[in-house]
Asks: 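Below are the structure tokens for one structure; questions will follow.
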Amino acid sequence: MSLFRLKSNIRIACAKRLANYLAQEVETLGFKIISRTETGVDINGTLEDCMYLNMYLRTASRILFLIDEFKASTPDQLYRNLVEIPWEEYVPEDGYISIGSFTNNENIRDTRFANVRVKDAVVDRLTNKTGKRPDSGPEMNRTVLFLFWNNNDAAIFIDTSGESIAKHGYRKMPFKAPMQEALAAATIMASGWDGSTHFVNPMCGSGTLAIEAALIAVRKAPGLMHRNFGFMHVKGFDYNVWKEIKTEAAKSIRSFTQGKIIASDISAVAIGAAQTNAREARVDHLIEFIVCPFEETPIPEGEGVIFINPEYGERLGDVEKLAETYSQIGDFFKKKGAGYKGYIFTGNMDAAKRIGLKTKRRIEFFNATIDCRLLEYELYSGTRIVPKNDIE
């Protein structure tokens with residue numbers, strides 16, 4: 001049987017507070033979740049399943065295929081267990097390996113030492129069995145292994161993603177502090193927007209939210225925008241199988257005719273970056289880009305969402321000026337957003353109090369290490385006054 005058809009545990013990792021959205025995606029793709037944590041879900045499947053998951057998942061960061069798990073309390077015990085694994089069946093003799101890890105063991109003060117012991121075991125095994133010694137280093141674009149070592153429990157995985165798939169491969173021109181693609185996709189999922197109504201994104205920056213909305217609207221798989229994955233550098237990889245997965249994903253792309261996607265920013269530089277990124281994702285024809293102050297952003301008639309990711313103040317801008325901006329966002333929602341749902345993604349809840357509208361939901365996220373909320377507002381004509389303690 002092909003190595004790629006052998007079943008094992010698959011651990012699908014994501015950023016904190018994205019696990020619920022990741023679980024939705026995984027179940028929609030037809031997989032049964034056997035366990036979940038705050039940073040991912042576990043399923044059973046094959047390396048071919050990993051190829052499929054890498055193609056379609058928007059909120060994942062990496063997909064790990066379990067090779068072995070064992071007990072080890074010291075680096076030497078770790079090495080002895082790893083050197084017994086038949087790495088010659090997984091890793092090309094003339095290849096290149098890199099090691100990632102999560103280590104929580106009292107005998108390890110520097111996680112890099114654990115990574116070195118993994119590398120030593122794999123290289124020594126391959127040298128002994130094949131007479132060839134693979135190269136190794138920090139690059140994540142070839143064969144990638146991942147060690148999970150918590151106290152005495154160790155597990156070794158093939159990282160079938162390689163470089164993180166939380167980045168969807170189109171953002172060539174970042175602007176200021178951009179939202180990561182997986183997070184942007186999760187926040188849109190949280191809003192419930194599915195491409196059947198309008199999506200308006202003032203303060204669009206480098207365009208990540210608008211681009212992710214376009215990708216969701218046409219059901220374009222993020223894996224179509226990646227040229228390299230870790231599974232491509234595992235022995236037994238069949239390019240024809242991958243070609244079939246790519247062909248199926250390309251055929252599933254649909255047209256977007258039920259709404260408009262509008263992205264605006266006061267900065268022409270930001271709009272230029274957003275257009276470049278949208279062209280890279282091949283969705284630039286689906287998005288109307290406009291250089292204007294956010295309050296002048298046109299709102300199409302009908303229904304939809306207005307989605308704004310303003311500056312938080314922790315890293316960018318002046319805090320008092322920021323508070324005034326949030327107040328202006330509330331006025332913008334009131335004057336131009338009737339019939340829409342409004343969303344503010346922010347890490348500054350003090351400034352958010354200045355919006356002055358009653359929140360329907362406050363959904364927890366992290367943006368890197370910043371504790372954030374996605375605030376949802378039902379926008380009605382003439383509604384503005386709210387209790388002082390509505391947002392805490």
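Excluded from the calculations below are hydrogen atoms, water molecules and symmetry mates; all remaining heavy atoms, backbone and side chain alike, are included. Just so we're clear, the structure is a prediction, and the values are computed from it rather than from any experiment.
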Asks: Counting only heavy atoms not in Lys336 (residues, nucleotides, ligands), do more than 12 fall under 6.0 Å from its NZ?
Replies: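 Counting other residues, nucleotides and ligands, NZ of Lys336 exceeds 12 neighbours.
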Asks: So, Tyr343 versus Tyr377, ring centres under 6.0 angstrom or not?
Replies: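 Ring centres of Tyr377 and Tyr343 not closer than 6.0 Å.
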Asks: Around atom CD of Glu295, are there more than 12 heavy atoms from other residues, nucleotides or ligands closer than 6.0 Å?
Replies: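 Atom CD in Glu295 is packed in, count exceeds 12.
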Asks: Between Arg133 and Asp135, is the closest basic N to carboxylate O distance under 4.0 Å?
Replies: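 No, Asp135 and Arg133 are not salt-bridged.
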Asks: Taking atom types as modelled, find out whether Thr74 and Asp76 have a side-chain donor-acceptor pair closer than 3.5 angstrom.
Replies: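 No.
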Asks: Indicate whether any N or O donor in one side chain lies under 3.5 Å from an N or O acceptor in the other, for Thr208 and Asn277.
Replies: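 The criterion, which ignores hydrogens and geometry beyond distance, is not satisfied for Asn277 and Thr208.
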Asks: Step through it carefully: locate the ring centre of Phe365, locate the ring centre of Tyr21, and say whether they are under 6.0 Å apart.
Replies: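 They qualify: ring centres under 6.0 Å apart.
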Asks: Please determine whether salt bridge (charged side-chain N to carboxylate O under 4.0 Å, His left out) holds for the pair Asp94 and Lys132, giving the CA-CA distance in whole Å, both sets of side-chain angles, and the decisive distance to 0.1 Å.
Replies: CA-CA 7 Å; Asp94 56 352; Lys132 296 182 179 180; 5.5 Å; no
Asks: Any ion pair linking Glu89 and Lys235 (charged N to carboxylate O, less than 4.0 Å)?
Replies: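 Salt bridge: no.
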Asks: For the ring pair Phe102 and Phe148, is the centre-to-centre distance below 6.0 Å?
Replies: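 Yes - the distance between ring centres of Phe102 and Phe148 falls below the 6.0 Å cut-off.
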Asks: Verify the distance criterion only: is there a donor paired with an acceptor across the side chains of Thr197 and Gln258 at less than 3.5 Å?
Replies: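 There is no such pair (donor and acceptor under 3.5 Å, judged by atom type) between the side chains of Thr197 and Gln258.
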Asks: Can a side-chain donor-acceptor contact be found between Tyr312 and Asn367 if the only test is distance below 3.5 angstrom?
Replies: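 Tyr312 and Asn367 do have a side-chain donor-acceptor pair below 3.5 Å.
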Asks: Checking salt bridge (charged side-chain N to carboxylate O under 4.0 Å, His left out) for the pair Glu376/Arg361: CA distance, chi angles, key distance, verdict?
Replies: CA-CA 5 Å; Glu376 178 182 295; Arg361 289 192 298 163; 2.6 Å; yes
Asks: Going by distance alone, is a donor N or O of one side chain under 3.5 Å from an acceptor N or O of the other, for Asp124 and Tyr79?
Replies: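 The answer is yes; a qualifying pair exists.
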Asks: In a check of ring pair (Phe, Tyr, Trp, His ring centres under 6.0 Å) between Phe231 and each of Tyr90, Trp242, Tyr52, which one passes?
Replies: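 Option passing the ring pair (Phe, Tyr, Trp, His ring centres under 6.0 Å) with Phe231: Trp242.
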Asks: Is atom CZ of Arg17 surrounded by more than 12 heavy atoms (other residues, nucleotides or ligands) closer than 6.0 Å?
Replies: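 Buried by this count: over 12 neighbours within 6.0 Å.
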Asks: Go through the side-chain N and O atoms of His233 and Asn228 and say whether any donor and acceptor fall under 3.5 Å apart.
Replies: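 A donor-acceptor contact under 3.5 Å links the two side chains.
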Asks: Salt bridge check: are Lys71 and Asp153 linked by an N-O gap of less than 4.0 Å?
Replies: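 Here Lys71 pairs with Asp153 in a salt bridge, since their nearest N and O are under 4.0 Å apart.
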Asks: Could you tell me whether the side chain of Asn115 and the main chain of Arg112 form a donor-acceptor pair under 3.5 Å?
Replies: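 No, the answer is negative, given that no donor and acceptor are paired below the 3.5 Å cut-off.
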Asks: Give me the atom names and distance for the closest heavy-atom approach of Phe289 to Ala278.
Replies: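 Heavy atoms of Phe289 and Ala278 come nearest at CZ-CB, 3.7 Å.
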Asks: To check you understand the geometry: which heavy-atom pair defines the closest contact between Leu379 and Ile306, and what is its length?
Replies: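 Here Leu379 and Ile306 meet closest at CD1-CD1, 4.3 Å.
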Asks: Is a donor from one side chain sitting under 3.5 angstrom from an acceptor on the other, for Tyr239 and Glu244?
Replies: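 Not at all, the side chains of Tyr239 and Glu244 share no donor-acceptor pair under 3.5 Å.
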